[in-house]
Amino acid sequence: MAVLFVFLDGFGLGRPDDSNPFWRYRAPFLEGLLGQRLTQALGAERPGLLARGVDAGLGVPGVPQSATGQTALFTGVNAPALLGTHITGYPNGRLQEIIAEHSILKRAVQAGWRAVFANAYTDVYWQLVQEGKRRHSATTLTNLAAGLPFRDFRDLAHGQAVYWDFTHSIFPRYFGIRGAYRRPAEAGRNLALLGREYDLVLYESFLPDMIGHRRLPHTPRWLVWALDAFLQGVVEAMRPADSLVLCSDHGNFEDLETKLHTENPVPLLVVGPAAERFHAARAITDVAPAVLRALDVSAGGT
Ligand SMILES: [Zn+2]
C-alpha cells in the first residue's frame with residue numbers, strides 16, 4: 001500500500017458563488033466523487049473517503065502564508081504559533097530547524113518506509129541555489145532532512161517524476177523544450193505509479209497559488225479542468241490499498257475577487273483506506289501525523 005500526499009499551494013475552499021472557480025466551472029470527476037462542489041460547506045465521510053475544510057490559521061492572527069503553513073503541513077508542528085506570526089515565501093532559520101527535525105519524509109524513512117519526493121528538479125535550480133540566488137522551499141527542505149535523492153528531468157522523461165506544472169505548460173517558454181506537453185491524467189497516473197515502488201509519495205504543485213496571484217497566463221477555468229483530470233488520473237491508477245491525501249497551506253485560488261491569500265479553510269481530501277486515520281483532523285497540523293499513522297508510524301515522533 002502507498003500514501004500519495006499531494007500538496008497544492010494556495011488552494012482553499014471558497015463561497016458558493018461565482019467568485020469561486022470550483023463553483024463557476026465544472027469539475028466532473030471531483031463532483032462525482034464527492035457528490036458536491038468544492039466550497040466552504042465541503043463535507044463527506046464514509047469508508048474510503050473523507051473531505052472537509054481544515055484550518056490553516058492555526059490560532060495566529062493574520063493571513064496564513066507559505067513558509068509557516070508548509071512547515072506546519074510537512075511536520076505537524078504549529079510553526080506560526082511558535083514564531084508568533086505567519087511567514088511568507090521560504091522557511092527562515094527557525095523554520096528550517098523545525099523541518100530538519102520533524103520532516104514527515106525523515107520520520108517515514110526512520111520508521112523503515114520507502115519514501116519519495118516525486119517532483120522533478122532542473123539542474124538550473126541547484127546551480128541557482130549554489131550561487132545564492134534561490135532559497136529552498138519547505139518541500140525541498142523536507143526531502144533534504146530525510147537524506148533522500150531528488151528526481152530530475154531524466155526521471156520526468158521516463159514518467160518516474162512529476163513536474164510542479166504537471167502539464168509542462170511553461171516548458172516552451174522557460175526551458176525552450178517543445179512538444180513536452182503531458183496530459184493531466186497521464187501526470188496523475190505517473191504519480192500514482194510511484195506508489196508501486198514507494199510507501200509514501202510526496203508531490204507539490206504551486207499552480208493554484210501562482211494562478212491565484214495572476215503570475216501565470218493560465219485561466220482559473222483551465223486549472224479547474226486540469227486539476228480535476230490530474231486527480232482522476234491519480235485515483236484511477238491507485239490500487240485498492242493505496243490512498244490519496246490532498247491538502248494545502250492557505251487559501252488563494254478559490255477567491256477570484258482577490259489576488260492575495262485568504263483566511264479560508266483549505267480542503268483535506270482523502271481517498272482510500274487511509275481516510276479513517278483522518279477522522280479527527282481539523283487543522284493543517286493534523287495532516288502529517290495522520291499520514292504517518294496511515295503508515296503505522298507512531299504519531300508520537302522520533
Ligand atoms: Zn503557499
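One-based numbering, in listed order, for ligands and for the atoms of each. When reading the values below, keep in mind they use all heavy atoms of this one structure, side chains included, and skip hydrogens, waters and symmetry mates.
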For this session: Answer with yes or no whether the side chains of N119 and E204 bring together a donor and an acceptor at under 3.5 Å.
Result: no
Exercise. Is the closest basic N to carboxylate O distance between D152 and R154 below 4.0 Å?
Worked result: no
For this session: For D9 and H250, test the side chains for any donor-to-acceptor distance below 3.5 angstrom and give the result as yes or no.
Result: yes
Problem set entry | Sidechain N-carboxylate O distance under 4.0 Å for D296, R277 | yes
Seminar exercise, completed: Near the Zn ion (ligand 1), protein N/O/S count under 2.8 Å comes to 4
Problem set entry | Any side-chain donor near an acceptor of the partner, S137 and T140, under 3.5 Å | yes
Exercise. Knowing that exactly one of F11, W164, F7 qualifies, which makes a ring pair (Phe, Tyr, Trp, His ring centres under 6.0 Å) with F206?
Worked result: W164
